[in-house]
Structures are given as structure tokens and as C-alpha cells.
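A quick write-up on the structure given underneath.
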There are 2 protein chains.
Amino acid sequence: MVGVSRSAVSFAFNSPERLSVATRDRIFAAAKELGYSPNTLARMLQAGQTQSLGVLLPQNLAKIMENPYYARFLTGVGQVCDEQGFTLLLTPPLRDSMLKAIPYAAVDGFVVCGLEHDRGEVAELQRRGIPFVLVDSSPWADVPSVDVDDESGAREVTRHILELGHRRMALLSIDPGPERAERGYRGPLARRMAGVADALSQVGMDLKDINLVEVPATRMDGYRAAKALMATAEAAPTAIIALSDILAFGAVDALHDLGLRVPEDVSVTGFDDLPESAWLRPRLTSVRQAIAAKGRTAADFLISAIRGEDQHPHQLLGTSLIVRDSSARVPAAQSTGLPNA
Amino acid sequence: MVGVSRSAVSFAFNSPERLSVATRDRIFAAAKELGYSPNTLARMLQAGQTQSLGVLLPQNLAKIMENPYYARFLTGVGQVCDEQGFTLLLTPPLRDSMLKAIPYAAVDGFVVCGLEHDRGEVAELQRRGIPFVLVDSSPWADVPSVDVDDESGAREVTRHILELGHRRMALLSIDPGPERAERGYRGPLARRMAGVADALSQVGMDLKDINLVEVPATRMDGYRAAKALMATAEAAPTAIIALSDILAFGAVDALHDLGLRVPEDVSVTGFDDLPESAWLRPRLTSVRQAIAAKGRTAADFLISAIRGEDQHPHQLLGTSLIVRDSSARVPAAQSTGLPNA
DNA sequence: ACCCATTATTAACATGTGTTAGCAACGTAC
DNA sequence: GTACGTTGCTAACACATGTTAATAATGGGT
């Protein structure tokens with residue numbers, strides 16, 4: 001229409017100084033008339049970059065967005081995206097497969113949530129040469145990762161409950177999914193279990209001595225599980241150690257509904273220390289991990305990897321016990337006649 | 001390497017039945033050896049679709065993810081993505097411009113949050129022929145949109161507070177941003193203000209008669225604003241109507257910290273009815289809007305538009321007042337000597 | 001008038017795919 | 001032995017860009 005080559009059009013948009021003003025204006029005029037603008041995908045294809053970070057998620061989007069943990073984590077990732085001008089692509093499993101989702105994501109790299117280094121997804125990313133960072137996995141030599149010292153956090157909170165005199169306890173844990181049968185606990189959950197077990201062993205107890213319940217990490221599941229736990233009348237626990245704050249939220253609600261007071265009748269502790277933990281009444285005793293910092297660090301590592309800078313960085317983030325109002329001494333009436341009391 | 005054409009390779013991956021088993025196996029073997037797999041971007045370019053929905057956001061990613069409102073909204077959008085096998089691309093402003101962000105998003109369509117039909121972004125999307133749906137805008141003929149009947153919600157909650165005898169009230173509102181100066185209130189905020197004004201007029205009052213404070217919609221801003229409001233000793237309000245739940249959360253906290261009881265000393269109401277509203281103590285009186293359903297509907301409309309089906313659907317979602325524990329009769333001591341009491 | 005330098009513009013290539021029309025080869029029926 | 005349908009594969013095109021090296025045009029100096 002203007003009578004110039006495609007290259008001239010490209011110059012008009014990308015390096016206008018290389019064209020005479022007259023030609024440039026003619027091109028822009030024509031572009032406006034035709035409604036033309038450079039195609040996003042073609043541009044990305046040619047440039048070999050998308051200006052977008054992917055987050056490879058282990059669950060459906062609906063479940064992820066419902067989970068305040070991820071809201072916090074993605075806040076951290078989002079901070080880095082904001083700074084660097086990246087968009088954020090959330091990539092849930094496709095037909096229940098994280099592996100199948102990979103080829104449908106137009107991203108420069110992935111933050112991979114909750115996968116161990118030996119998973120097929122990791123091999124696939126390596127094969128494709130897509131940069132990635134593992135989060136909540138287990139440190140492994142040639143793979144960048146960001147992890148949390150869950151074990152010491154779990155040890156600390158368990159010890160805290162034990163020091164308050166509790167012995168009849170329930171461990172409200174996260175469902176490890178089907179993979180557990182073959183491989184046992186892994187990653188953060190394995191570390192948390194180990195921490196609990198370690199603290200127990202120091203008073204001569206064992207994971208067998210406490211009531212272990214495993215449910216999906218939602219508020220509702222925490223609610224139901226707590227109700228079920230308290231129903232077993234004679235063996236009802238005096239403390240519930242939840243391995244996730246949302247489970248603890250649900251448990252506190254359930255106890256309220258049962259007419260039980262927290263912490264006077266039953267102590268409840270969480271894990272993660274979500275912002276909400278300090279909003280609720282009673283304020284929740286929980287293990288703090290720097291969730292947003294975890295997201296930030298992972299995204300920073302990923303950006304480095306995309307730029308081809310740093311090679312295989314690892315980061316282990318600490319935890320700390322935040323004692324608030326939901327944990328207290330075991331009730332006097334219940335503290336007698338129990339093992340190790 | 002195999003000695004076949006590129007087309008054959010394409011067939012091997014996409015319609016294997018059109019190739020003889022021998023050739024196909026040879027191709028796969030070579031692909032494995034070379035680490036080849038079809039390029040995502042090229043595939044999208046040729047197919048003309050990305051299997052990805054975009055959400056065009058008015059704020060930085062970090063701010064968005066911190067906001068429980070968006071968590072809920074994106075849960076709804078996410079549900080549809082899950083069902084339809086789409087990924088979700090979060091597109092924050094690029095260098096403070098939503099317009100600039102558009103060409104960097106590889107998506108099949110946009111859910112556009114909080115923009116009016118006359119904004120440049122909307123024109124740009126139309127020009128590019130990218131399907132989109134406006135959310136929290138104002139209904140407009142040729143543009144698909146999903147809106148909420150904020151006005152009646154605001155009217156109801158204001159009337160509720162008035163019926164409880166309050167007259168000295170503060171309206172804790174959301175900062176409308178710089179655009180307000182030129183164009184006045186728009187969209188949901190305009191409707192909410194109108195609803196409040198309408199309810200006030202029914203008792204002979206006016207927006208001028210109440211204390212209007214406008215702050216960014218964060219918990220911390222709500223906290224600070226509430227503290228400032230109560231500081232003006234003789235004119236301190238007996239009720240705070242917040243136009244957003246997070247602002248109300250912050251306000252409740254501030255009142256606690258000031259040693260004031262909610263609702264005995266001061267009533268507080270929210271807007272949105274986030275899930276958290278029912279978790280907090282006191283449980284928050286709030287205007288419920290179906291946030292997740294809003295996201296679902298928007299995404300459904302968008303998918304229709306992408307498929308080229310339905311043309312310009314509109315949806316107006318209702319609101320309802322949820323009265324809980326944070327609102328009560330005006331304290332006896334304060335109910336005398338006030339205008340219209 | 002001629003050479004050179006500078007600037008404006010373009011042809012050709014590279015990024016990787018999916019699709020369509022068509023060409024060989026091959027077997028089968030008559 | 002020839003006409004015909006089937007199978008297996010390929011050449012050419014389309015999707016749209018950005019980049020580089022080469023070419024055309026222009027003006028100025030001698």
C-alpha cells in the first residue's frame with residue numbers, strides 16, 4: 001500500500017531514526033488506516049524471548065488462588081516481575097499432568113513449585129533448555145533451588161507444645177498425594193515430619209504415639225478433620241499441630257463450633273505464618289517462613305538463569321516460631337494419667 | 001538427519017497415522033537423540049491461538065496478589081481456565097501503562113479489570129481485534145461486560161447503619177486515582193458513592209454531612225485512616241462504612257488498638273464480603289458480591305468471544321447485605337444531640 | 001564530469017511451525 | 001498391459017516478524 005518493503009515497516013516501529021521522516025510518516029499513516037500493529041507472537045518468536053515468567057503449579061488454578069499461601073508466594077514472584085517488566089503466566093496441570101502443560105506455556109523460564117529433581121517435568125525442562133528454579137523441593141547439585149528449613153521449624157513448634165505439657169496430640173498434616181505410596185514423604189512435608197519426629201524423640205515419644213491425619217490443605221478439610229478428631233471422646237487431643245495455617249484456621253473454627261475454647265481447652269498451632277494468622281482471634285501460634293521472600297528469591301534466580309549469569313544457586317531460608325495466643329499449658333484436668341506426663 | 005522433510009516431522013507429532021510406522025519411529029528416535037521438540041511460540045503463531053487467557057490489571061502484580069479481592073476474582077477466572085485447559089497470564093501495567101503492556105501479552109483474549117469503555121486500552125484491543133470483556137466498568141452497548149449492582153449494595157448497608165441510629169459516620173473509601181480530577185467518580189466507585197448518597201438523602205442527609213476519607217485499598221491504609229478518624233476527639237464517628245473489606249479489616253484492628261470495642265463503641269461495615277470477613281472476630285457486616293462468580297462469568301464470556309459465538313453479552317450481578325457482628329445500635333451516650341437523631 | 005561519502009531503502013535470510021495440493025510408487029482389477 | 005485408486009511422502013506456501021549486508025539515491029567537493 002505504501003510501496004515500501006516489510007523491512008521498512010519494521011524499521012518504522014523499532015528504529016525510526018533509520019528512516020526518513022517522510023517515509024516513516026507515510027508508513028504510520030497507512031498502519032493507522034489498516035489497523036496494523038506488529039504481531040506479538042511473531043515478535044516473540046523472532047526475538048526468542050517472551051518477557052514472561054511461568055509458574056508451574058501442582059494444582060488447578062482455582063485451588064491455587066484460593067490458597068493464601070500461594071497468594072503470598074506469588075506476591076514475591078510478582079515483585080520481581082514488576083521490577084523487571086515481566087508478565088506472569090500461571091501454568092496449572094493440563095489434564096492432570098504438569099508435564100503436558102509445559103509445551104503450552106510461552107515463557108522464558110519456570111518457577112517450579114513442589115517438585116523433586118527426579119521428576120519427569122524437570123528432565124523435560126532440561127531437555128528443552130528452558131531455565132527453571134525448583135521451589136519447595138530438596139537441594140540437588142545441578143539444579144537451582146530455593147528451600148525452607150522446615151525441619152527446624154517443625155521441631156521448634158512441636159517442642160513448644162511438648163513444653164506446655166501436652167502429650168495427647170494430633171498432627172494435622174497435608175495429604176502427600178498418590179506419589180507417597182511409592183516414594184514415601186518428600187520435600188517440605190518429609191522435613192516437617194522429620195522435625196516433629198525429632199522433637200518427639202527427645203521426650204521418648206514417637207510419631208506412632210500421636211494421631212496423624214492427612215487431608216488436602218484447605219480450610220474446609222481442616223474444619224472437618226478437627227471435628228472428627230475431637231469426636232473420639234476419650235482420646236481427644238489437647239493440642240493440634242497443623243502443618244499448614246489454613247488447616248489450623250479450619251481447626252480453630254471447628255473447635256469454636258464444638259464449644260471448645262482455644263487455647264484454654266485445646267491448643268492449636270499452624271505452619272507458614274500467613275498474614276491472616278495475626279488477624280484472627282485468637283491470634284495463631286505458627287512457624288514463620290518468609291513466603292514472599294521465597295518467591296522473590298526464586299524469581300531472582302530465574303531471571304539470572306534466563307540472562308545466563310549465575311549457574312546453579314541454592315538458597316535455604318530459615319524459619320522461626322511465632323508464639324501467639326492459640327497455644328497454652330495443657331488443661332490441668334487432662335494433664336494426669338497420660339504417657340510421659 | 002533422518003532424510004525426511006520437515007512436513008514429515010510435523011506429521012509424526014500431530015497426525016502420526018499419516019506416516020508409516022517405520023518412518024515415524026525413525027523420526028522419533030532422531031528427535032530423542034537431538035533433544036528436539038516442537039517450538040511453542042512457532043506453534044502458537046501458526047495456529048493463531050495460545051490457549052491462554054490474559055487478565056489486564058490496573059496495578060502492579062505485588063499489589064494485586066496481596067489483595068484478597070483479586071485472589072477471589074482470579075479463583076473464578078481460574079475455574080474456567082481449568083475447565084477449558086487454558087493458562088492464565090497476569091498482565092500488570094508496563095512502566096505504569098496498561099496500554100504498553102498489551103503488545104507483550106501472548107493471549108487469546110483479555111479480561112480487563114476496572115476500565116471504562118472510553119479508555120485507550122479498550123480502543124487498542126478493538127483495533128487489534130483481540131477479544132475482551134470489561135469487568136467492574138459500566139455497561140456499554142458494543143462491549144461485553146460484567147458488572148455488579150454496587151449502588152443497591154451501598155444503599156442497603158448505609159441504610160442499615162442509619163437504621164441503627166448512627167448519624168455521625170465516616171465513609172472510608174478507595175482512592176479513585178488521578179483520573180478522578182478530570183472525570184469524576186466512575187464505575188463501581190461512582191455507583192457505591194451514589195448508593196450511599198441515596199440512602200443518606202432518605203433521612204435528609206448528604207455526603208457533605210459525613211466524613212469522607214479516600215485511601216488506597218490496603219489493610220494498612222485502612223488501619224491508619226481509622227486511627228486518624230478517631231483522633232478528632234469531639235467529632236469521632238460512631239460508625240465507619242468502608243467501601244472495601246480490607247479497609248474494614250484494618251479499621252477494626254485500629255479500633256482494637258485504640259481500646260475501642262467493635263461494635264459496642266464503633267460499628268464497622270465492609271464491602272465485598274471476602275471469605276476472611278467471616279473468619280475474623282467480630283465477624284464483619286459486609287455487602288456480599290459474588291466475586292468468584294464475576295470472574296467465572298467474565299471468563300465464560302471471553303471464551304465465547306474467542307470462539308466467535310455470542311456477541312456482546314452483559315451481566316449485572318446482584319449484591320446482598322450480610323449482617324454479622326461488627327454493626328450495632330449507636331451507643332446511648334452518643335445518640336443524643338446529633339443532627340437528625 | 002567524476003568520484004566519494006553518506007543516507008535511505010531493500011533483498012535475503014533466520015526464527016519454527018502447520019497445511020494443502022500434488023507427485024511418485026505400488027498394487028490391483030480387468 | 002493399462003487404467004485406477006491408495007499409500008507415503010514432499011514442495012511450496014502461510015503464519016509475521018527482526019536483522020544484516022548489500023544496493024540505490026543523493027549531495028558535495030574537485
Side-chain angles (χ1 to χ4, degrees), chain A residues 1-52 100 102-109 124-125 127-131 306 308, chain B residues 1-52 100 102-109 124-125 127-131 306 308:
Chain A
M1 167 162 166
V2 190
V4 294
S5 71
R6 304 198 311 271
S7 324
V9 180
S10 175
F11 281 140
F13 282 91
N14 301 299
S15 25
E17 75 283 357
R18 295 188 53 176
L19 252 46
S20 69
V21 249
T23 327
R24 196 201 315 164
D25 288 349
R26 276 201 349 267
I27 291 176
F28 281 141
K32 189 160 194 175
E33 195 174 336
L34 295 170
Y36 170 88
S37 49
N39 178 290
T40 305
L41 282 168
R43 184 176 227 160
M44 287 175 172
L45 173 61
Q46 124 74 25
Q49 57 169 10
T50 61
Q51 293 287 39
S52 171
K100 284 187 191 148
I102 294 175
Y104 287 90
V107 296
D108 291 340
E124 175 73 6
L125 291 173
R127 201 178 60 76
R128 287 180 172 250
I130 303 177
I306 289 171
Chain B
M1 169 163 166
V2 192
V4 292
S5 71
R6 303 200 312 272
S7 324
V9 180
S10 174
F11 282 141
F13 281 89
N14 301 300
S15 25
E17 75 283 356
R18 294 187 53 176
L19 252 48
S20 68
V21 243
T23 329
R24 194 199 318 162
D25 288 348
R26 266 183 21 246
I27 292 176
F28 280 141
K32 189 160 194 177
E33 193 173 340
L34 295 169
Y36 169 86
S37 49
N39 178 291
T40 305
L41 282 168
R43 181 177 231 160
M44 287 174 173
L45 173 60
Q46 125 73 26
Q49 57 167 15
T50 62
Q51 294 287 38
S52 172
K100 284 188 191 146
I102 293 174
Y104 287 91
V107 295
D108 292 339
E124 176 73 7
L125 291 173
R127 202 178 59 75
R128 288 182 172 247
I130 302 177
I306 288 170

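Computed from a predicted structure; not experimentally measured. A note on names: the letters A, B, ... follow the listed sequences, proteins ahead of strands, and every chain is numbered from 1.
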Legend entry - Residue pair A:E124 / A:P103, side-chain heavy-atom distance below 4.5 Å: no

With five pairs defining each end axis, the helix from C:dA1-D:dT30 to C:dC30-D:dG1 comes out bent, to 10°, by 70°

Looking only at heavy atoms, the pair that brings B:D108 and B:I130 closest together is O-CG2, 4.4 Å

The contact string for nucleotides 17-23 of chain D, one letter per nucleotide 5' to 3', using protein heavy atoms under 4.0 Å with B, S and - for base, sugar-phosphate only and none, comes out as BBBBB--

When rounded to whole Å, the CD to P distance for the pair A:Q49 and C:dG16 reads 13 Å

Of all heavy-atom pairs linking B:Y104 and A:T40, the shortest is C-CG2, 4.3 Å

Nearest heavy-atom contact between A:G109 and A:I306 is N-CD1, 4.1 Å

All heavy atoms of B:R128 vs all of A:P38, minimum pair found to be NH1-O, 3.8 Å

When every non-hydrogen atom of B:A12 is compared with those of B:F28, the smallest separation belongs to O-CZ, 3.3 Å

_Could you tell me if the side chain of B:Y36 sits less than 4.5 Å from the side chain of B:V9, heavy atoms only?_
yes

Atom CG of B:L45 and atom P of D:dA16 are separated, to the nearest Å, by 7 Å

For A:M44 and A:T50 the tightest heavy-atom approach is CE-O, 3.5 Å

